[in-house]
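All chains are named by letter (A, B, ...) in the order of the sequence lines, taking the proteins before the strands, and each is independently numbered beginning at 1. Note that this is a predicted model, so its numbers are computed, not measured.
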Amino acid sequence: MSYWNEDHKHTYWNPYFGGFMLGLLLIFTFYTTGRGLGASGAMKSTVVFALHEVAPTHVEKSRYYSRFVEKEKSPLNTWLIFEVLGVLAGAFLSGALSGRAKFRLQHSPKITSKRRIIFALLGGILFGFGSQMARGCTSGAALSGLSVMATAGFLTMIVIFGSGYAFAYFFRKNWI
Amino acid sequence: MGPLIPHEILSPEWNNVIAVFIGLAFGFIMEASGFSSSRKLVGVFYGYDFAVLRVFFTAAIVSMIGILYLSKLGYLNFDDLYVQPTYLRSAIIGSVIMGLGFVTGGFCPGTSLCAAGIGKLDGLVFIIGLMIGVVIFSEMFPLLEKTFNADNLGGVTLKDTFGISYEMTTVLFTVIGVIAFYVTTIIGRKIRNVWY
Amino acid sequence: MKKRLLVTRKRYIFLAIALVASALGLLFFDGLPDATRLSPDKVLLKSMVKGHFYDSDQIAEKIMSGDPSILLVDLRDSAQYAKYSLPGAMNIPYGKILDDDYVGYFDQDQFDVVLFSNDHLISEQSWIILTSKNFKNMHVLKGGLNEFFNTIIRPKEPVATAPETAFDQYNTRVASGYFFGVPMPRAVLGGESSGGVSETGGLIAKKKRKAIVIRKKKKKTVGGC
């Protein structure tokens with residue numbers, strides 16, 4: 001039972017080991033499916049699905065949504081949706097095994113919960129917008145792109161982290 | 001030989017089953033490496049935790065080397081792998097916005113799913129934000145369409161763009177990665193510990 | 001404490017060297033020979049063994065028994081194919097065997113592909129091309145349609161002193177001839193056989209089989225976020 005001790009809550013894998021495992025997973029993913037990992041595409045599919053239920057004509061008329069609506073195939077029936085369901089379950093499994101899975105809001109002790117929620121929402125909106133613009137997020141565009149030496153992968157990685165460092169100064173109060 | 005499913009060595013029905021298992025492993029690895037904690041993730045920008053950089057670079061290096069060896073041994077046809085198209089302008093603009101979103105929200109889409117998976121409410125809020133962001137983008141699409149489709153270079157790799165061979169790219173990237181690991185370790189020792 | 005730190009550091013240095021070394025290895029490792037090709041000497045060896053020939057009797061029997069495992073491929077041009085061909089044969093002109101539309105018929109492992117033309121020269125050449133791409137189960141009809149015509153459609157009666165097996169074979173051939181549309185009793189066809197099958201006109205019934213699609217599909221990989 002010692003594994004469930006409080007001590008283990010913040011015991012994460014050695015990052016190099018984690019990276020090695022993630023690398024192997026990427027190789028396996030490319031070997032079986034010919035494509036990489038992803039995440040933001042699943043959010044897009046969910047949005048398209050939800051809006052298609054609520055306002056089908058709006059979705060079919062929209063120049064962007066309509067790209068992802070096919071006849072006789074639910075927008076949710078995509079590879080990424082299945083993968084993302086796996087991600088949720090996998091994360092829960094790992095969290096539960098090390099006693100990290102519980103409802104809580106994590107933020108720096110110097111800021112309020114309300115501030116954290118607002119900034120998380122804002123960050124999500126920006127990331128959602130940006131990932132659509134750049135056709136992929138850190139996992140789909142940058143990490144998977146790097147594995148196959150895609151120019152877009154290198155470009156996305158460099159710009160995301162560069163922009164992160166450039167803006168980091170303005171948000172330092174939220175984190176440290 | 002590979003990739004197995006596009007070559008129909010494995011039937012396409014397996015695609016979604018495999019997706020779930022790949023997702024499971026992906027989520028598990030990210031969570032176990034600490035990617036469910038926004039404070040750990042953002043540490044890379046403030047120098048108190050370089051886990052993101054280490055995991056990300058190690059993963060990229062390992063998969064680059066592995067995929068090239070597999071294709072050289074004849075197990076994998078490199079040309080059949082999906083290479084996303086490079087739209088110069090929209091990739092840069094989108095990535096700048098994503099970087100801003102990263103320091104604001106503390107997650108990226110994959111890691112926010114991880115956080116939501118173990119019950120972190122900020123992760124859940126971030127996901128809601130992502131969806132709102134997608135809606136905003138789609139509603140504004142008529143205005144953005146020109147930028148979105150500008151400077152399309154097609155599905156190019158570094159070999160096409162700069163004429164560097166895949167092997168040389170991998171070697172350079174590996175060396176840069178190892179140097180980055182070393183430098184960040186030095187920096188990490190100098191920066192005061194931040195509790196998170 | 002300090003000693004432990006030193007050990008970890010050594011370990012990391014070792015791992016870093018291993019990583020860089022495996023990356024550098026890529027520069028010097030040219031990969032295995034392409035598995036999708038067969039080296040010329042192996043193709044030559046295979047072609048000298050002659051194991052890839054089917055003779056007319058074997059093919060006639062396979063056609064009559066409706067053997068589903070064979071795929072007859074007529075390599076002549078479509079005009080000649082339109083006049084006559086073997087029953088169930090499909091037409092892939094000689095020059096098009098490696099076209100995207102047709103290569104799928106050869107790049108598979110479900111059927112024994114039997115190549116034929118008027119003689120077996122063209123089919124033998126095609127066989128070499130296809131085998132060097134490492135396609136399996138390629139065969140050639142020995143002597144081509146001319147030989148088929150001379151043995152099955154117009155078999156030569158053996159001389160009286162011939163062994164009994166020769167007569168058995170003759171009778172089988174005559175019987176097969178009926179299957180391939182030789183009028184019963186066997187009509188004497190005009191001209192000598194030297195003219196080849198072209199003189200038989202529509203004699204060899206051409207029951208056209210619907211082209212079965214056995215192409216190895218290659219789906220374009222899709223992805224993206």
Specify which of A/L122, A/L51, A/T29 makes the most heavy-atom pairs with chain B at under 4.5 Å.
-> A/T29
Residue pair B/L76 / A/I27, side-chain heavy-atom distance below 4.5 Å | no
A/S163 side chain to B/V96 main-chain N or O, any donor-acceptor pair under 3.5 Å?
-> yes
Which of B/D122, B/V62, B/V44 touches chain A most, by non-hydrogen pairs under 4.5 Å = B/D122
Relative to chain B, which segment of A/N77 carries a heavy atom at a distance below 4.5 Å: side chain, backbone, both, or neither?
-> side chain
Trace of the side-chain contact (heavy atoms from CB on, under 4.5 Å) decision for B/I22 with A/W79 = CA-CA 11 Å; B/I22 286 173; A/W79 194 87; 4.0 Å; yes
Tell me, side chain or backbone of A/S108 under 4.5 Å from chain B's heavy atoms, or both, or neither?
-> both
Is B/T86 reaching over with its side chain to a backbone N or O of A/A152, donor-acceptor style, under 3.5 angstrom?
-> yes
Which bit of A/V148 comes within less than 4.5 Å of chain B, counting heavy atoms only: side chain, backbone, both or neither?
-> both
Enter the distance from B/T58:OG1 to A/F17:CZ here, rounded to the nearest 0.5 Å.
-> 12.0 Å
Relative to chain A, which of B/A25, B/G105, B/G94, B/S95 shows the most heavy atom pairs under 4.5 Å?
-> B/S95
Find out whether B/N15 and A/R35 are in side-chain contact, i.e. whether some heavy atom of one side chain is under 4.5 Å from a heavy atom of the other.
-> no
Scored by heavy-atom pairs under 4.5 Å with chain A, the best of B/I67, B/L88, B/L100 is B/L100
Drop me the distance from B/F28's CZ to A/L25's CG, to the nearest 0.5 angstrom.
-> 12.5 Å
Using only heavy-atom distances, determine whether the side chains of B/S37 and A/Q106 contain a donor-acceptor pair under 3.5 Å.
-> yes
Could you tell me whether the side chain of A/R135 reaches within less than 4.5 Å of the side chain of B/S90, counting heavy atoms only?
-> yes
Contact part of A/F28 toward chain B, heavy-atom cut-off under 4.5 Å: side chain, backbone, both or neither?
-> side chain
Min side-chain heavy-atom separation A/T138-B/T111 under 4.5 Å = no
Before giving the answer on side-chain contact (heavy atoms from CB on, under 4.5 Å), spell out for A/F171 and B/Y46 the whole-Å C-alpha distance, their side-chain angles and the decisive distance to 0.1 Å.
-> CA-CA 10 Å; A/F171 297 95; B/Y46 298 101; 3.8 Å; yes
Tell me, side chain or backbone of B/F21 under 4.5 Å from chain A's heavy atoms, or both, or neither?
-> neither
Go through the atoms of A/R116 and report whether side chain, backbone, both or neither lie under 4.5 Å from a heavy atom of chain B.
-> side chain
Portion of B/I29 that has a non-hydrogen atom of chain A nearer than 4.5 angstrom | both
Cut-off 4.5 Å, heavy atoms of chain A, and the answer for B/T169 is side chain
Mind checking whether B/V103 and A/F170 have side chains closer than 4.5 Å, heavy atoms only?
-> no
Count the heavy-atom pairs under 4.5 Å between each of B/T147, B/L130, B/I97 and chain A, then report the option with the highest count.
-> B/L130
State, yes or no, whether a side-chain contact exists between B/F173 and A/F154 at a heavy-atom distance under 4.5 Å.
-> yes
Could you go through the side-chain contact (heavy atoms from CB on, under 4.5 Å) check for B/I92 and A/L155 one step at a time?
-> CA-CA 7 Å; B/I92 292 174; A/L155 188 70; 4.0 Å; yes
Could you check A/Y12 against B/S33 for side-chain contact (heavy atoms from CB on, under 4.5 Å), going step by step and ending with a plain yes or no?
-> CA-CA 5 Å; A/Y12 295 118; B/S33 308; 5.8 Å; no
In terms of heavy-atom proximity below 4.5 Å to chain A, should B/I18 be classed as side chain, backbone, both, or neither?
-> side chain
Please assess A/Y64 against B/F137 for the test ring-ring contact (aromatic ring centres under 6.0 Å, His included), listing each intermediate value before the final yes or no.
-> CA-CA 9 Å; A/Y64 192 67; B/F137 179 83; 4.9 Å; yes
Please state whether the rings of A/F161 and B/F45 are parallel, tilted or perpendicular, taking 30° and 60° as the class boundaries.
-> tilted
With a 4.5 angstrom heavy-atom cut-off, could you sort out which part of A/Y65 is near chain B: side chain, backbone, both or neither?
-> side chain
Out of curiosity, B/F141 CZ to A/S66 OG, how far, rounded to the nearest 0.5 Å?
-> 8.5 Å
Which of the residues B/L53, B/V17, B/V20, B/L144 is involved in the greatest number of heavy-atom pairs with chain A at under 4.5 angstrom?
-> B/V20
Would you mind checking which part of A/T156 comes under 4.5 Å of any heavy atom in chain B, side chain (CB onward), backbone (N, CA, C, O), both or neither?
-> both
Is any side-chain heavy atom of A/S139 closer than 4.5 Å to a side-chain heavy atom of B/F26?
-> yes
With side chains defined as the heavy atoms from C-beta onward, is the minimum distance between B/K120 and A/R100 less than 4.5 Å?
-> no
Give a yes or no on whether the backbone of A/W175 and the side-chain of B/R39 come within a donor-acceptor separation of less than 3.5 Å.
-> yes
Contact class of A/L85 relative to chain B, heavy atoms under 4.5 angstrom | neither
A/T151 side-chain N/O to B/T157 backbone N/O, donor-acceptor pair under 3.5 Å = yes
Is there a donor-acceptor pair closer than 3.5 Å between any side-chain N or O of A/Y16 and the backbone N or O of B/R54?
-> no
